[in-house]
Amino acid sequence: MDALNTVPAALDHLVITVPDLDAGVAAVEEATGVRAVPGGAHPGRGTANCLLGLVPTGWADGARTYLEILGPDPQQDPPADGRLPLDAHLAAGPTLQTWAIHPPAFLAKIAAANTAGIDFGEVAEMARDTADGERLEWRLTMRSPLPQQGVQPFLIDWGESAHPAEAALPALELTEFSIETPEAEATRQVLEVLGAGDTRVVEGPEPRLHARLHGPGGVLEF
């Protein structure tokens, strides 16, 4: 793979968790010079998000991917068990927690993952209203705790809904994305089955995601 083109073609979005959504948006803006816009709330789950478009290096014009900043929604009560999705309230600051891919054949990839014994959790139906009042509905794979501590992506299918990146989002350039893990070869095999075999995977002491985001005001790196 070209060292300058490390962003997998199936990338749907990156998820940054923050303990306070307003403070998290401000921190990303301070680092990059670009302010995320409200995405919407997740009813019953206690979270809301703000979004930035992503422009991956080497991708064709019109590619759809984005950055989700996810945090507790002050307008909602926490879930009954007190736990927010991705434990967003426990993050010390902006944390690149996980990532999503959108394979072209969602159900076929689910079946392939089952056959290969890949633990992706379960398929869940989700919905939210955008800041403009548009209803989005999608399905995704969901597991808690995150599979492989977040380096294994979850799969998402937007169905008939508009993709969030189709909105006129302020954007950052995504120049690098890779996975670091002590089980590099096993991770590569899982990614191949899921449809993200072009992801850069390197050996490292612990599972983590690496991304470099460029804005007019600076660079944000995880």
Side-chain angles (χ1 to χ4, degrees), residues 5-18 20-43 45 47-75 85-86 88 91 93-104 126-140 150 153-177 196 209-222:
N5 186 15
T6 65
V7 181
L11 174 65
D12 189 87
H13 65 280
L14 305 180
V15 182
I16 291 176
T17 56
V18 295
D20 180 280
L21 191 54
D22 288 341
V25 168
V28 172
E29 182 182 16
E30 181 178 5
T32 65
V34 182
R35 186 170 184 82
V37 297
H42 304 109
R45 302 186 64 80
T47 54
N49 64 22
C50 289
L51 308 179
L52 285 168
L54 293 177
V55 182
T57 300
W59 278 28
D61 292 341
R64 303 182 309 175
T65 186
Y66 66 99
L67 177 71
E68 176 181 15
I69 305 174
L70 177 73
D73 182 3
Q75 304 302 316
L86 304 181
T95 302
L96 181 54
Q97 190 85 283
T98 188
W99 59 303
I101 60 174
H102 56 263
M126 300 282 289
R128 70 171 171 86
D129 292 329
T130 70
D132 295 330
E134 181 182 0
R135 187 69 169 175
L136 300 182
E137 297 180 345
W138 67 95
R139 54 186 174 176
L140 50 72
F154 62 94
L155 280 63
I156 192 166
D157 174 25
W158 291 98
E160 299 300 317
S161 288
H163 191 276
E166 292 178 1
L169 298 175
L172 300 172
E173 184 180 6
L174 176 60
T175 59
E176 291 185 27
F177 177 77
L209 299 174
H210 170 70
R212 181 174 291 143
L213 310 171
H214 289 250
V219 177
L220 181 61
E221 188 165 3
F222 297 94

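Remember, it's a predicted structure, so these values are computed and weren't measured experimentally.
Here the shortest heavy-atom pairing between Asp129 and Arg135 reads OD1-CD, 2.8 Å. Closest of all the heavy-atom pairs between Pro8 and Trp59 is O-CZ2, 2.9 Å. Closest non-hydrogen pair, Leu14 versus Ala211, comes out as CD1-CB, 4.2 Å. When every heavy atom of Asp73 is checked against every heavy atom of Ala41, the shortest pair comes out as OD2-CB, 3.4 Å. Counting all heavy atoms, side chain and backbone alike, Pro164 lies closest to Leu51 at CB-CD1, 4.0 Å. The minimum heavy-atom distance linking Pro38 with Ala131 is given by the pair O-CB, 3.8 Å.
The aromatic rings of His102 and His163 sit perpendicular, their planes meeting at an angle over 60°, well past the 30° parallel limit.
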Check step by step if side chain to side chain contact (heavy atoms under 4.5 Å, CB included) holds for Ile69 and Val28. CA-CA 9 Å; Ile69 305 174; Val28 172; 3.9 Å; yes
Side chain to side chain contact (heavy atoms under 4.5 Å, CB included) between Thr95 and Ile16, worked out: CA-CA 5 Å; Thr95 302; Ile16 291 176; 5.7 Å; no
Where do Ile101 and Asp12 land on the side chain to side chain contact (heavy atoms under 4.5 Å, CB included) test, with the steps shown first? CA-CA 5 Å; Ile101 60 174; Asp12 189 87; 5.6 Å; no
In sequence, state the C-alpha distance, the side-chain angles, and the governing distance for Asn49 and Arg128, and then conclude on side chain to side chain contact (heavy atoms under 4.5 Å, CB included). CA-CA 10 Å; Asn49 64 22; Arg128 70 171 171 86; 3.8 Å; yes
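Side chains of Pro56 and Thr65 form a contact here, defined as non-hydrogen atoms less than 4.5 Å apart. At a threshold of 4.5 Å between non-hydrogen side-chain atoms, the residues Leu54 and Leu172 count as touching. Between Val34 and Leu52, the closest side-chain pair of non-hydrogen atoms falls below 4.5 Å. In this structure the side chain of Leu174 reaches within 4.5 angstrom of the side chain of Leu11, judged on heavy atoms.
For His210, there are no ring pair (Phe, Tyr, Trp, His ring centres under 6.0 Å) partners, not counting sequence neighbours. Qualifying side chain to side chain contact (heavy atoms under 4.5 Å, CB included) partners for Ala167, counting only residues two or more places apart in sequence or in other chains: Leu169.
Between Asp157 atom CG and Met126 atom CE the span is 14.0 Å, to the nearest 0.5 Å. Summarising the geometry, atom CD belonging to Glu160 is positioned 13.0 Å from atom CG belonging to Leu136; distances are rounded to the nearest 0.5 Å. Atom CD of Glu221 and atom OG1 of Thr175 lie 8.0 Å apart (nearest 0.5 Å). Residue His214 holds its NE2 atom at 6.5 Å from CD of Glu173, rounded to the nearest 0.5 Å.
A ring pair (Phe, Tyr, Trp, His ring centres under 6.0 Å) with His13 holds for exactly one of Phe177, Trp99, Phe154; it is Phe154.
With hydrogens and angles disregarded, no donor-acceptor distance shorter than 3.5 Å links the side chain of Thr98 to the backbone of Val15. For Thr47 (side chain) and Pro72 (main-chain N/O), no donor-acceptor pair under 3.5 Å exists by modelled atom type. Between the side chain of Thr130 and the backbone N or O of Asp132, at least one donor-acceptor pair lies under 3.5 Å.
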